[in-house]
2 protein chains.
Amino acid sequence: MARSKSPAKKPPRQYHHGDLRRALLQEALVTIRSEGVEGLTLREIGARLGVSRTALYRHFADKAALLEAVATEGFRSFREQLLAAWEAAGHGIAGLDAMGLAYVRFAVANPAHYRVMFGGFVEPKERQTELAAEAAGALHALEGALGELQRNGLVRGEDTATMARFVWAVVHGVARFAIDGQLRDPAAVDQLTRYAIERMRIGIAPGEAPAVTADALNRAARIDC
Amino acid sequence: MARSKSPAKKPPRQYHHGDLRRALLQEALVTIRSEGVEGLTLREIGARLGVSRTALYRHFADKAALLEAVATEGFRSFREQLLAAWEAAGHGIAGLDAMGLAYVRFAVANPAHYRVMFGGFVEPKERQTELAAEAAGALHALEGALGELQRNGLVRGEDTATMARFVWAVVHGVARFAIDGQLRDPAAVDQLTRYAIERMRIGIAPGEAPAVTADALNRAARIDC
DNA sequence: ACCTGAACACCGTTCAAGT
DNA sequence: ACCTGAACACCGTTCAAGT
């Protein structure tokens with residue numbers, strides 16, 4: 001009897017067993033997903049884990065640090081999914097399309113997480129944080145893909161970083177519309193995504209300024225043919 | 001002596017003279033600009049106006065309602081500035097460019113206000129709020145411009161609303177980069193803005209899919225000439 | 001090392017009471 | 001009508017104390 005690890009009435013309060021840091025991060029994410037960022041309180045996530053409400057301070061400096069970690073983690077898996085889409089599509093223009101779709105899909109599947117990453121809730125005081133590095137990494141995935149397309153002559157040859165920001169802007173904007181609920185059904189989101197990616201692709205397609213006014217088109221036709 | 005409206009020691013507490021609602025809105029905006037959304041407390045804005053901290057509830061249901069009003073007001077002046085740019089440039093493609101520049105310029109000039117408008121801090125419970133109408137109005141300004149360009153054959157003829165969202169996505173994304181401080185000097189912001197608008201314009205330029213792979217370009221050349 | 005519980009300062013909001 | 005001041009419930013954070 002004395003062998004039993006804990007009497008039936010009440011287990012002696014013991015320290016949190018495993019990786020409390022990870023558990024806190026996970027629990028924060030779950031709460032944010034269901035309640036939103038505004039609904040996240042340190043007290044409740046402590047209670048939910050059966051832990052004092054100050055236990056968290058052993059692992060994070062403050063609430064902002066917790067949110068920063070959430071965002072950092074988000075950027076990491078974000079980049080992974082972008083790269084996975086790029087690989088699965090076999091690179092090339094199809095790969096770029098796939099990355100764009102994956103981008104919007106991530107935002108739609110994890111709207112609260114996406115908000116923490118981009119909503120301006122997290123503003124790290126110091127320069128050169130892990131968050132900044134991870135965020136840059138996600139953009140870098142896009143840049144790498146565009147660089148390869150440039151080397152293969154599939155997109156225009158100008159500054160890759162600038163082009164990456166343009167592409168990012170397009171998919172981010174679409175994601176915003178989807179998250180904010182301005183587009184009701186998923187089909188509308190899909191349609192806008194495909195349209196935007198198509199127009200974006202044409203905007204960065206190689207060739208000497210292929211799109212011009214009807215007027216200029218006529219002039220060009222007269223000269224060339 | 002009894003004539004003097006108030007003895008030197010202390011003026012009798014009197015009600016807020018003019019338009020308290022407007023004063024609250026204005027003060028909230030000032031605070032947000034200097035302290036950010038997170039730094040806005042009802043108590044302090046009351047104190048700043050020399051008014052009890054509950055006086056606000058005579059004019060707004062709660063803090064969320066105040067923020068909603070701030071966002072609504074933002075969308076109104078936002079739309080005005082977009083339209084002004086469109087008019088000043090004399091419509092046309094130049095007008096579209098001007099609107100895009102004005103868009104980014106508004107965000108850069110009023111980053112905190114822009115964040116309240118788009119950061120997801122405000123989520124009106126009811127459908128069909130004044131905020132929703134005003135936000136739609138800003139997008140509608142863009143749609144109107146694009147519609148005119150379509151009628152004049154200056155951009156592609158497909159669904160105007162979808163095209164407007166695409167254009168909005170581009171400038172919104174650029175604004176985001178600028179606000180989040182990822183682009184250090186204003187010159188970099190300007191450069192990215194111009195680049196993005198140019199690529200966007202080409203993406204929606206009229207003509208039969210003018211941008212294609214080099215391969216398809218060769219085929220087309222062989223047939224046409 | 002890691003966790004606890006009481007305490008502190010601060011917030012949004014309510015409400016009976018004043019003019 | 002509009003404003004006040006006290007009170008309430010809730011929050012993030014600190015800190016001396018426990019194991």
Side-chain angles (χ1 to χ4, degrees), chain A residues 5-7 10-32 34-71 116 121-125, chain B residues 5-7 10-32 34-71 116 121-125:
Chain A
K5 282 172 182 169
S6 58
K10 208 150 209 181
R13 235 182 228 292
Q14 53 185 24
Y15 288 173
H16 188 270
H17 38 290
D19 191 345
L20 180 55
R21 192 193 137 92
R22 175 157 295 278
L24 288 164
L25 214 56
Q26 174 65 21
E27 196 59 39
L29 203 47
V30 169
T31 305
I32 288 171
S34 63
E35 313 283 340
V37 199
E38 316 289 1
L40 177 74
T41 77
L42 301 190
R43 293 163 117 92
E44 195 183 318
I45 131 174
R48 201 111 63 146
L49 286 171
V51 134
S52 149
R53 53 178 169 277
T54 61
L56 176 140
Y57 290 90
R58 287 291 124 194
H59 300 276
F60 299 98
D62 51 19
K63 190 181 184 180
L66 175 64
L67 281 179
E68 195 176 321
V70 167
V116 176
F121 296 97
V122 187
E123 284 175 274
K125 316 267 174 181
Chain B
K5 283 173 183 171
S6 57
K10 208 149 209 183
R13 237 182 227 290
Q14 53 185 25
Y15 287 174
H16 188 270
H17 38 291
D19 191 346
L20 180 55
R21 192 193 136 91
R22 173 157 296 278
L24 287 165
L25 215 55
Q26 173 65 21
E27 195 59 38
L29 203 45
V30 170
T31 305
I32 287 170
S34 64
E35 314 282 339
V37 199
E38 315 289 1
L40 178 75
T41 77
L42 301 189
R43 293 163 117 94
E44 193 183 318
I45 130 175
R48 201 112 62 147
L49 287 171
V51 134
S52 150
R53 53 178 169 276
T54 61
L56 175 140
Y57 291 89
R58 286 293 124 195
H59 301 277
F60 299 97
D62 51 19
K63 191 182 185 181
L66 174 64
L67 280 179
E68 195 176 321
V70 167
V116 177
F121 297 97
V122 187
E123 284 173 273
K125 317 266 174 183

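Just so it is clear: chains get the letters A, B, ... in the order the sequence lines come, proteins before strands, and each one is counted from 1. As the structure is a prediction and not an experimental result, all values here were calculated from the model.
At a threshold of 4.0 angstrom between heavy atoms, the contacts of B:Leu66 with the nucleic acid are absent. Among the atoms of the strands shown, only primed sugar atoms or phosphate atoms (P, OP1, OP2) are found under 4.0 Å from some heavy atom of A:Leu40.
The separation between B:Leu67 atom CG and C:dT13 atom P is 10 Å, rounded to whole Å. In this structure, A:Glu38 atom CD and C:dG12 atom C1' are separated by 13 Å, rounded to whole Å. With rounding to whole Å, A:Glu35 atom CD is found 11 Å from D:dC11 atom P. Atom CZ in A:Phe60 sits roughly 12 Å away from atom P in C:dC3 (whole-Å rounding). Rounded to whole Å, the distance from CG on A:Leu56 to P on D:dT14 is 12 Å. Rounding to whole angstrom units, CG of residue B:Leu49 and P of D:dC2 are separated by 16 Å. For the pair A:Glu44 CD and D:dA9 P, the computed distance is 18 Å after rounding to whole Å. If you measure from atom CD1 of A:Ile45 to atom P of C:dC3, you get 13 Å, rounded to the nearest angstrom.
The side chain of B:Lys63 sits closest to C:dT13 out of D:dT13, C:dT13, D:dT4. Side-chain proximity of A:Ser52 to D:dC11, C:dG5, C:dC11: nearest is C:dG5. Considering only side-chain atoms of A:Arg58, the nucleotide from C:dC2, C:dC11, D:dC11 that sits closest is C:dC2. Looking at the side chain of B:Arg43, the nearest of the listed nucleotides D:dT13, D:dA7, D:dT4 is D:dA7.
Considering only heavy atoms from C-beta on, A:Leu40 comes within 4.5 Å of A:Lys63 through its side chain. Two residues are said to be in side-chain contact when any heavy atoms from C-beta on lie closer than 4.5 Å; A:Arg58 and A:Leu20 fail this criterion. Using a 4.5 Å heavy-atom threshold, the side chains of B:Thr31 and B:Arg48 count as touching.
Considering every non-hydrogen atom in both A:Ala28 and A:Leu66, the closest pair reads CB-CD2, 4.1 Å. Contact detail for A:Ala55 and A:Val51: the closest heavy-atom pair is CB-CG1, 3.2 Å.
Across the interface with DNA chain C, nearest-nucleotide mapping of B:Ala64 and A:Ala55 shows A:Ala55 to be the residue nearer the 5′ end.
Checked by distance alone, A:Arg53 brings no side-chain donor or acceptor within 3.5 Å of a matching partner on the base of C:dG5. In the interface, the side chain of A:Thr54 is paired with the base of C:dG5 through a donor and an acceptor atom under 3.5 Å apart.
Applying the Watson-Crick and G-U wobble criteria (two distances, each under 3.5 Å), C:dC11 pairs with nothing in any strand. The pairing partner recorded for D:dG18 is C:dC2, the criterion being a Watson-Crick or G-U wobble arrangement whose two distances lie under 3.5 angstrom.
In this structure, B:Leu42 CG and B:Tyr57 OH are separated by 5.0 Å, a value rounded to the nearest 0.5 Å.
Phosphate contact (OP1/OP2 of D:dC2, side-chain N/O of B:His59, threshold under 4.0 Å): absent. The phosphate of D:dT13 (OP1 or OP2) has a side-chain N or O of A:Tyr57 nearer than 4.0 angstrom.
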